[in-house]
Amino acid sequence: MRRYANRFINEHNLISGRVLSAIVVLPLSLTIAACSQPNSAATDSAPATEPTIATHTEQPTAEMTPISAPSDTSSTILKKISATVYKDANCGCCKEWVSYAEDNGLSATAHDVEDLSLFKERYSVPQQMRSCHTTVTTDGFVFEGHVPAKYMAQFLENTPAQAIGLAVPSMPVGSPGMEYEGKFMPYKVMQLNKDGTTEVYADIESPQQQL
């Protein structure tokens, strides 16, 4: 695990706090391990630097239920959706989420960018709602971070009039793309509104709620 910690410090100290400065950092060893799993299925382009990894501070509890299997509802709806994912070239969990979203029917084009904050500002993602990647559909809806396909599908099927998208702030362990040794940390899916406000869209208390 010391090897993962050293790698994290060397690759990310230049942008620490730039993208996720308002977010509380998860214990380092758990978050690094969860976000460093390789995935060769996603397509990368230009190299970039990875944003600070952060998440909630509650202690994770063990859950062995897999969460990456596609749901019938989400796969049907997301097959109609195309989106661009703005991510860091070296972010393993971003690649995992793209693969997960594609398995659930999303037509995703990944773009590696050097300054993720520029895209988060462009698409009006509030500072406290930011995560490691930003997904924008062809219709202009924004999905920030590790949003489950189930809730993307729900949102796109019945979009609230005042909303521009959804966000999973930070990088909660056990969310799609952040699976690590069966652990799970409860988190919230937040609704992003046109006027810059946010509200809770869904409380995720167990892995089963993500399916």
Worksheet item: Among Val85, Leu192, Leu156, Val136, which residue meets the side-chain contact (heavy atoms from CB on, under 4.5 Å) test with Phe143?
Response: Leu156
Worksheet entry | Trp97 side-chain N/O to Met178 backbone N/O, donor-acceptor pair under 3.5 Å | no
Fill in: Whether Asn158 side chain and Gln154 backbone form a donor-acceptor pair below 3.5 Å
no
Worksheet, complete the sentence: Value for CG (Asp88) from NE2 (His111), rounded to nearest 0.5 Å, stands at 15.0 Å
Worksheet item: Which heavy atom in Tyr151 sits nearest to a heavy atom in Leu166, and how many Å separate them?
Response: O-CD1, 3.4 Å
Item to complete: Run the salt-bridge test on Arg130 and Glu144 with the 4.0 Å N-O cut-off and return the result as yes or no.
Response: no
Practice prompt. Determine whether the side chains of Glu199 and Asn193 contain a donor N or O and an acceptor N or O closer than 3.5 Å.
Written response: yes
Practice prompt. Taking the side chain as every heavy atom from C-beta outward, state whether Lys120 and Met129 have any atom pair closer than 4.5 Å.
Written response: no
Discussion item. Just to verify, what does Thr159 make a side-chain contact (heavy atoms from CB on, under 4.5 Å) with, not counting sequence neighbours?
Written reply: Phe141, Phe155
Worksheet item: What heavy-atom pair brings Cys132 and Leu116 nearest, and what distance separates the two atoms?
Response: O-CD1, 3.4 Å
Item to complete: For residues Gln191 and Tyr201, report the shortest heavy-atom separation together with the two atoms involved.
Response: OE1-CD1, 3.5 Å
Response to the item:
By salt bridge (Lys or Arg N to Asp or Glu O under 4.0 Å), Asp203 pairs with (sequence neighbours left out) Lys188
Response to the item:
Between the CD1 atom in Ile164 and the OH atom in Tyr123, the distance rounded to the nearest 0.5 Å is 11.5 Å
Discussion item. Between His146 (side chain only) and Ser175 (backbone N and O only), is there a donor and an acceptor less than 3.5 Å apart?
Written reply: no
Discussion item. For the CZ atom of Arg122 and the CZ atom of Phe119, what is their distance to the nearest 0.5 Å?
Written reply: 5.0 Å
Worksheet item: Rounded to the nearest 0.5 Å, how far does CD of Glu102 lie from OG1 of Thr109?
Response: 8.5 Å
Worksheet item: Heavy-atom distance under 4.5 Å between the side chains of Lys87 and Asp112, does that happen here?
Response: yes
Worksheet item: When rounded to the nearest 0.5 angstrom, what is the spacing between OG in Ser82 and CG in Leu106?
Response: 7.0 Å
Fill in: SG-CD distance between Cys93 and Glu96, expressed to the nearest 0.5 angstrom
8.5 Å
Practice prompt. Identify the heavy atoms of Phe184 and Gly174 that sit nearest to each other, and give their distance.
Written response: CD1-O, 3.9 Å
Worksheet item: With a 4.5 Å heavy-atom cut-off, do Pro176 and Val147 have their side chains touching?
Response: no
Fill in: Check: Pro169 and Ser131 side chains under 4.5 Å, non-hydrogen atoms
no
Worksheet item: Hey, are the side chains of Val98 and Cys94 touching, using non-hydrogen atoms and a 4.5 Å cut-off?
Response: no
Worksheet entry | Pairwise side-chain contact, Val125 with Val142, heavy-atom cut-off 4.5 Å (strictly under) | yes
Worksheet item: Are the side chain of Glu157 and the backbone of Ala153 linked by a donor-acceptor contact shorter than 3.5 Å?
Response: no
Worksheet item: Is the side chain of Gln209 donor-acceptor paired with the backbone N or O of Ser206 at a distance under 3.5 Å, no angle test?
Response: yes
Worksheet item: Is it the case that Asp115 and Ser117 place a side-chain donor and acceptor less than 3.5 Å from each other?
Response: yes
Worksheet entry | Leu211/Lys150 under side chain to side chain contact (heavy atoms under 4.5 Å, CB included): CA gap, chis, key distance, verdict | CA-CA 6 Å; Leu211 299 176; Lys150 169 183 176 179; 5.9 Å; no
Fill in: Donor + acceptor pair across side chains of Gln210, Tyr187 (<3.5 Å)
yes
